[in-house]
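Single-structure report; data block below.
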Amino acid sequence: ETKVSFAYWGDPAELPPFEKIVADYEAANPDVKIEVQHAPWSGYFTRLDAQLAAGAGPDVFFITNVPTYAARGQLEPLDKWIADKGFPIDQFNPEALLIHQLDDVLYSVPRDNDTNVLYYNKAAFDEAGVAYPTADWDWAALRDAAIKLTVTDGGRITRYGLAIEKNNWSNWVRQNGGTTFDHPTRPTKFTLDEPKGLEAIQFIGDLINVDKVTPNFTELDQAGGTGQLFSSQQAAIVFANAARLGTFADADFEWAVAPLPKGPTGIRSNSLGGAGFGINPNAKDKEAAWNFFAYLAGEPGQVVFASANASAVPAQIGNAAVKAAFKAPFADVFLSEAANGKLNASFPKYVDITNLYLQPALDLVWNGEATAKDAIGGIVADVTAKLAE
Amino acid sequence: MARPTRHSAWDWVIFIALLAGVIITCAPFAWMISTAIKPNAEVFRFPPTLWVEAPLWDNFLRVFTVIPFGRAFANSLMVTGAITILQLIVCSMAAYAFACLQFRGREVLFLIYLAALMVPSQVTLIPNFLVVRNLGWIDTYQGLILPFAFSSFGTFLLRQYFKTIPRELIEASRLDGCSHWRIYLFIVLPLGKPALAALAIFAFVSQWNNFLWPLITTTKPEMQTVQIALSTLQGQFNTDWPLLMAGSVLATMPVLAVFILGNKAFISGLTAGSFGGK
Amino acid sequence: MARARTPLRLRDERVAWLFLLPSLVLFLLFTGLPVVAALVISFTQWDLFNPPQFVGLQNYTSLFNDRIFGQVMGNTGLYVLASVPIQIVLGLLFALGLNRVIHGKTVLRIAYFLPVVTSTIAAALVWSWLFNTNFGVVNALLSAVGIAEPPKWLSSSKWAMPAVIIVSVWQNLGNGMVLFLAGLQNIRQDVYDAAALDAARGWKRLWFITLPLLSPTTFFVLIITLIGSFQVFELVFIMTNAGPANATNTLVFYIYQNGFQFYQMGYASAAAMILFAIVLFITLVQYRLQNRWVHYG
Amino acid sequence: MADVQLSGVQKAYEGHRVLHGIDLAIEDGAFCVFVGPSGCGKSTLLRMIAGLEEVTAGVISIGGAEVNDTDPADRGVAMVFQSYALYPHMNVAENMGFGLRMTGTPRAEIDRRVSAAAETLRIGELLRRRPAQLSGGQRQRVAIGRAITRRPEVFLFDEPLSNLDAELRVQMRVEIAKLHKSLGNTMIYVTHDQTEAMTLADKIVVMRAGRVEQAGKPLDLYVDPDNAFVAGFLGSPRMNFLSATVSNGGATLSDGQIIALPPLFASPTPGTALSIGLRPEHFSQPSEPDAWLDLKVDVTEHLGGTSFVYARGPGGEEVIIEQRGAAPEQDQIRAGFRVADVLVFDADGQRIR
Amino acid sequence: MADVQLSGVQKAYEGHRVLHGIDLAIEDGAFCVFVGPSGCGKSTLLRMIAGLEEVTAGVISIGGAEVNDTDPADRGVAMVFQSYALYPHMNVAENMGFGLRMTGTPRAEIDRRVSAAAETLRIGELLRRRPAQLSGGQRQRVAIGRAITRRPEVFLFDEPLSNLDAELRVQMRVEIAKLHKSLGNTMIYVTHDQTEAMTLADKIVVMRAGRVEQAGKPLDLYVDPDNAFVAGFLGSPRMNFLSATVSNGGATLSDGQIIALPPLFASPTPGTALSIGLRPEHFSQPSEPDAWLDLKVDVTEHLGGTSFVYARGPGGEEVIIEQRGAAPEQDQIRAGFRVADVLVFDADGQRIR
Ligand SMILES: Nc1ncnc2c1ncn2[C@@H]1O[C@H](COP(=O)(O)OP(=O)(O)OP(=O)(O)O)[C@@H](O)[C@H]1O
Ligand SMILES: Nc1ncnc2c1ncn2[C@@H]1O[C@H](COP(=O)(O)OP(=O)(O)OP(=O)(O)O)[C@@H](O)[C@H]1O
Ligand SMILES: O=P(O)(O)OC[C@H](O)CO
Ligand SMILES: [Mg+2]
Ligand SMILES: [Mg+2]
């Protein structure tokens with residue numbers, strides 16, 4: 001009996017498709033046993049890193065920040081396997097694959113596209129007398145609605161007009177026509193300090209601190225995230241990905257989704273790419289690992305993910321069966337928004353730069369303790385130096 | 001207290017202050033319980049409420065079905081129990097040598113043991129992980145248990161206590177024909193009970209709440225400890241607070257039980273051990 | 001039995017090492033080896049995966065030029081300087097109070113120890129939630145007593161550290177209190193009787209009798225609390241993740257961050273060695289100073 | 001200087017009565033010793049006088065003023081504890097001066113009084129030492145010194161010498177006697193040591209189970225005790241008691257031997273059970289013995305100057321006989337005494353005079 | 001049964017010598033008592049015999065066999081500690097049977113021997129109690145019982161009675177004497193109590209600063225000491241020493257008074273400084289005093305049966321006089337004694353016979 005170990009993270013609601021794929025695969029391949037290692041997002045990488053550092057680790061694993069792992073040789077290069085085995089890599093969005101590469105070599109295959117939409121609480125809109133969001137909304141319309149939707153009681157906010165997620169800011173920068181780096185995967189220059197970028201950052205900061213219609217990210221974490229806030233009707237609109245569909249399914253109020261708003265100059269942007277699956281170069285039985293990988297990352301797996309209630313937009317969207325399986329509510333909105341996808345920065349030093357410089361600087365803006373200009377301006381030298389290293 | 005008359009005023013002030021302190025120390029715990037029995041939607045209701053009109057007690061049962069809480073609980077009991085017992089054995093043996101035996105290098109070795117207290121575990125995590133992996137102990141109970149089977153703190157605590165055992169008792173037992181092993185077993189261990197209880201509480205509390213080590217050295221669900229199982233409830237985007245709090249409350253119970261059981265002995269153990277003035 | 005001719009003392013010596021054997025094996029394997037490894041690693045550049053490269057003192061020199069490390073040292077200093085005295089003073093005060101209570105001692109003791117036994121993770125979660133600027137109970141209470149602009153706590157670089165300190169005090173108070181209580185019970189009643197006849201009452205009694213006689217306990221608590229507070233990690237990890245803007249980034253968190261987020265084990269180990277040196281130094285100084293204020297027997 | 005008056009003083013701990021109404025007058029300048037078996041309430045009574053224990057009922061007055069609710073420090077008393085209770089963290093001078101410092105006495109005055117007390121007690125060169133660096137006898141002296149420095153009106157001692165070894169005990173006993181002579185204060189002293197009680201006291205108070213059995217001058221109690229308890233309690237080795245019944249010519253012992261009784265006020269009716277008390281030293285070479293006992297010897301102890309013969313009386317009672325010099329080893333002894341020395345007690349232990 | 005021989009036994013702690021070569025033979029079945037001032041090395045010597053301290057130099061043999069390197073448990077000795085050292089977590093029976101249990105004696109045999117010892121010591125009904133539930137005297141008995149049960153050849157006692165109060169001390173002393181009589185074992189006993197030493201010993205070993213000053217029968221040492229140290233150490237209150245110089249008619253005291261000396265073998269040359277030793281009891285009603293001292297009285301202590309007069313000798317030396325009965329209070333006393341009782345010492349304290 002062959003054993004293949006497989007690690008992934010996920011909130012409880014996200015787990016059923018993983019479990020189904022494993023079960024289906026084992027049923028189809030009785031001589032193979034898939035050893036499943038699940039950990040929540042909060043602990044997944046700590047464990048994975050320790051294992052990989054010790055030359056161990058799962059054979060196949062769910063992964064993000066691919067270039068960092070690839071640079072350390074902790075991911076199996078896939079090009080040769082794909083060529084040998086005829087994996088339909090052309091059914092994936094080639095741009096989305098960029099963040100799964102390092103130096104033009106592919107190291108992982110994405111599971112989905114982390115497409116965001118606006119979820120909105122119809123009752124709240126009705127109550128505030130605000131018209132439901134449309135595809136024509138721009139930032140101003142969004143801000144305007146958020147202000148009207150925010151409810152306060154004795155100085156305390158009992159319902160936020162809008163809640164957004166912490167790691168989504170770069171999308172806002174793009175909607176405003178700005179960039180963070182001159183190139184998302186091969187940067188040479190830090191560009192967030194240019195006016196378009198600063199404007200976008202400041203816009204978010206002001207939603208939080210000036211308009212006071214959006215919760216601070218620390219607060220959002222403490223409150224249980226956008227999902228929790230929306231479920232308990234304490235946020236009227238949230239920016240979130242398709243994973244919420246499952247969470248909100250049994251909400252006791254009416255809600256719907258809408259496309260993201262346009263930037264002030266009409267630019268549309270959404271996230272492109274998402275986490276993917278990789279193979280451990282140290283896997284004992286690489287052939288077996290690949291076989292499971294191909295099932296998981298290819299059509300059979302993609303169909304399961306696409307048809308799961310809690311799924312995100314599937315990555316292998318060029319495959320007819322996969323596309324057909326994607327029958328999520330508001331699937332059309334997700335698919336059209338997926339088309340606006342643009343890459344987030346993704347390169348080996350990005351983790352360091354984020355943790356050391358970007359995040360602390362952005363914290364100051366989110367907390368209203370500094371303007372975007374001052375905060376971002378203050379780290380240009382550090383980030384530039386790090387890029388140059 | 002042998003202070004006559006003049007009680008009242010001060011003592012009332014102190015008593016009330018202490019009760020206020022109890023409210024502060026227990027409030028988060030009360031909050032945990034109150035959250036555990038709230039409907040999810042009410043968790044963040046403003047203004048915040050501690051009292052729950054219609055408590056949902058079944059969260060305490062749901063924990064067992066949503067995550068493998070029962071198994072994790074059993075694992076934790078097994079691992080923490082084993083660590084506690086091993087620490088008691090290993091530390092008491094070392095403490096016996098430090099407190100009751102003469103040997104060259106005693107002071108130096110003791111200082112080395114003590115200095116180990118000052119090294120943060122984050123630094124030794126990876127080297128330790130390598131050791132355990134090379135021993136083939138990933139996903140094993142021994143991998144969870146043995147790295148914690150010895151504790152400098154425990155050795156320190158027990159040594160201080162053992163030093164207060166009157167020398168005559170040990171001499172009497174030597175005359176009675178005891179080898180050192182028997183002195184250790186029949187005299188020092190029984191007499192060291194309070195300090196052992198103290199160590200048991202300390203070891204149990206800290207190991208029960210250990211998170212990082214079990215996280216990285218176990219991969220199989222059936223090897224999960226309570227803390228790991230609980231952490232799976234804390235999602236990336238969404239957390240089921242009532243369930244997480246119900247689990248946390250349940251997870252505190254064994255530690256509380258151990259504290260209450262050892263409480264009496266614990267207090268006197270610390271007294272006699274560290275501050276006997278000898 | 002092999003008793004015959006060996007001098008009695010040497011028999012002790014052999015037995016001693018047998019008694020030490022289990023602890024030695026475990027210590028060497030799981031503490032000694034890793035610590036030595038960490039020391040060696042601190043002179044290398046190592047990303048955990050590729051073979052380490054010897055770089056001499058470079059990690060140490062870079063640390064001294066690292067702006068964030070400077071901030072981290074400052075944060076750690078602030079945390080230690082604030083939380084240790086507060087923990088000790090409050091622990092002492094509660095112990096003094098508890099020592100006077102006649103009924104319900106056990107229940108109070110358990111209540112005060114509750115935070116110690118509560119898992120840090122759960123406690124930190126509940127607290128970060130109590131501290132929520134908008135929904136949190138803390139600010140609800142503060143506004144109730146008329147504070148118009150209550151602090152933003154964990155989302156403010158000014159107030160995040162105080163919040164962490166408050167929680168750490170809350171969590172560790174019970175430890176110190178229990179130790180002090182034990183120490184207080186050890187003070188002989190006859191000395192208090194003598195003090196009563198010598199007209200030492202109230203604060204005079206506290207200052208001239210209780211505190212000096214409690215000093216061995218205070219010393220022990222001080223050392224243990226100091227060592228522990230230099231190693232604060234979990235609270236920061238869960239409550240603030242070192243933020244906002246590194247305002248709560250402390251030494252051990254920075255070590256963790258460098259080791260497990262940036263994969264710079266050498267750098268992390270060097271920071272750990274500096275931490276070790278600081279704690280060892282402070283502990284040794286305390287040992288040295290103790291005969292000035294610690295009164296045994 | 002002050003006298004101490006106790007009237008109807010009771011003490012109960014959580015309802016459990018340990019002192020049952022003590023009436024006692026201790027004159028100004030008297031040296032009063034409380035003796036009695038362990039647990040009889042000596043320390044409790046002393047601590048109540050000091051103000052360290054609350055008075056359950058009754059009145060304690062010092063120098064004429066009721067002190068029941070007075071703070072210990074304001075009663076003008078000083079106490080020397082069995083355990084010395086020195087402040088371990090202060091040196092000898094600080095220990096002795098602490099009480100004065102607490103009452104705000106000026107530095108110079110404290111120094112003066114500490115030196116004076118130190119000189120009296122010959123501990124001048126120890127003033128900078130900590131208690132832990134002193135021998136038992138020296139600690140004892142410091143404890144007394146601490147009491148002296150405060151110039152109390154009443155000194156209280158709770159078994160101050162019981163932790164010292166025999167030789168030191170004798171020395172310190174003599175010093176305390178001298179101290180009393182030179183200071184002239186009222187002193188109240190608890191002990192269970194015979195010799196201390198007999199040698200130090202102006203007045204001995206013999207207590208039993210929370211009651212005063214007899215109080216009076218030491219020799220009066222020794223020679224003329226009110227009951228068998230007091231008779232037995234004072235004297236070492238203790239008084240011998242032989243059971244007997246009243247017969248015509250005197251008292252019949254268990255073996256039928258009849259001994260004469262001293263003249264008694266109220267002659268008991270024949271047939272009554274009695275107890276005959278004879279101290280060991282009454283057998284010791286009396287000038288003209290007029291009665292004899294024939295005893296079987298168990299052991300003989302030679303102390304050099306004296307010997308004690310442990311023998312069995314007619315009823316199997318242990319009888320101890322003191323002899324001058326080295327008593328010969330023998331199995332039988334014929335011990336002579338004088339009938340006039342005999343004390344007679346009734347069946348309840350009450351003295352028949 | 002075994003004799004104990006020490007030859008040239010030395011002990012040093014880290015180079016600091018505390019015993020300087022002790023030669024001593026303790027016969028089989030003897031009761032040997034070590035006395036001497038605190039710190040002179042009594043306990044150290046006893047502990048070396050027990051095997052609890054290493055022998056620095058010299059040889060210790062028990063029953064003819066050298067035991068220097070023998071394990072304590074294999075020497076056939078049992079020890080009773082000053083602090084009793086009972087195992088607090090075992091009941092009385094377990095305490096007593098522990099040694100046998102450790103040597104693998106069958107359960108039934110242990111029970112038998114424990115009961116036998118318990119009977120001897122009359123603690124049969126205490127067997128199920130823990131030490132904490134016993135009084136001091138009972139604990140003491142258990143400690144002895146523990147020693148007895150093991151049937152050692154040699155019993156060692158280190159101040160076994162010093163924690164007991166006066167009355168119990170007397171009782172237990174007698175019991176130990178009886179025990180020795182009935183068991184007949186060799187017993188070595190450390191004490192600093194006069195009475196114990198005098199009454200219990202077949203042989204007293206007087207030690208000072210790590211050396212044996214004199215060893216011999218108690219009364220021999222008391223009556224005929226080799227030096228002033230031994231003379232002063234035995235006897236309570238201690239012997240009085242008066243300084244004098246040899247003159248023609250005898251010895252001249254500080255005030256010029258001349259007293260006769262007893263006949264001496266080697267008469268010292270006139271002018272030599274002497275010390276005259278006289279015990280307190282030598283003043284106590286001697287049949288025919290043939291010499292007198294005129295003394296100033298400091299204090300008089302009345303103990304009931306006897307009194308002690310604390311007086312000053314001609315040279316200001318403290319002189320204690322024992323008197324039978326109640327001595328009258330007086331400022332001056334004329335104390336008679338017999339010249340034959342006088343002991344004479346030279347300036348170094350060596351006895352002149
Ligand atoms: N704090 C207390 N609580 C309850 N009972 C007490 C307390 N203190 C003393 N007693 C009891 O009061 C009685 C008298 O005790 P006290 O200490 O006065 O005796 P004592 O005569 O001094 O004895 P000793 O000679 O042993 O010192 C004893 O029965 C004792 O158990
Ligand atoms: N472990 C030790 N280390 C150093 N010196 C010691 C040790 N034990 C005893 N001594 C010294 O040896 C000498 C003899 O001590 P020992 O205990 O034998 O005296 P002792 O005659 O029994 O006195 P006491 O009557 O006070 O019990 C003392 O000066 C003591 O200080
Ligand atoms: O009674 P203490 O010594 O515990 O101290 C408390 C103070 O007296 C309070 O004023
Ligand atoms: Mg008492
Ligand atoms: Mg001794």
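Proteins get letters first, then strands, A, B, ... in listed order; numbering begins at 1 in each. All values derive from a computational prediction rather than experimental measurement.
Listed by sequence position, S156(C), S157(C), K158(C) are the residues of residues 156-171 of chain C in contact with chain A, using a 4.5 angstrom heavy-atom cutoff. Of residues 57-76 of chain A, those residues with a non-hydrogen atom less than 4.5 Å from any non-hydrogen atom of chain C are, in numerical order, Y69(A), R72(A), G73(A), Q74(A). Along residues 372-389 of chain A, the residues that come nearer than 4.5 angstrom to chain C, judged on non-hydrogen atoms, are D382(A), K386(A) in order of number.
Of all the heavy atoms in A245(C) and P360(A), the pair that sits closest is CB-O, 3.2 Å. Between P244(C) and N367(A), the closest heavy-atom pair is CB-ND2, 3.1 Å. The nearest pair of heavy atoms linking S155(C) to E369(A) is O-OE2, 4.3 Å.
Take D211(A) and apply the salt bridge (Lys or Arg N to Asp or Glu O under 4.0 Å) test, not counting sequence neighbours, and it matches R143(A).
Counting heavy atoms from C-beta on, the side chains of L356(A) and F262(C) come closer than 4.5 Å. Looking at M239(C) and D221(A), their side chains never come closer than 4.5 Å, going by heavy atoms from C-beta outward. Side-chain atoms of Q264(C) and D352(A), non-hydrogen and from C-beta on, do get closer than 4.5 Å to each other.
For chain C, no part of F217(A) is nearby; none of its heavy atoms comes within less than 4.5 Å. Contacts of N216(A) with chain C are made by side-chain atoms alone, with heavy-atom separations under 4.5 Å and no backbone atom involved. Heavy atoms of Y357(A) lying under 4.5 Å from chain C belong exclusively to its side chain. Heavy atoms closer than 4.5 Å to chain A are found in both the backbone and the side chain of L154(C).
Ranked by non-hydrogen atom pairs under 4.5 Å with chain A, the options T133(C), N249(C), N246(C), D47(C) are led by T133(C). Ranked by heavy-atom pairs shorter than 4.5 Å toward chain C, the options N355(A), L362(A), T46(A), L364(A) are led by N355(A).
At distances below 3.5 Å, not a single donor-acceptor pair connects side-chain atoms of R156(A) with backbone N or O atoms of N139(C).
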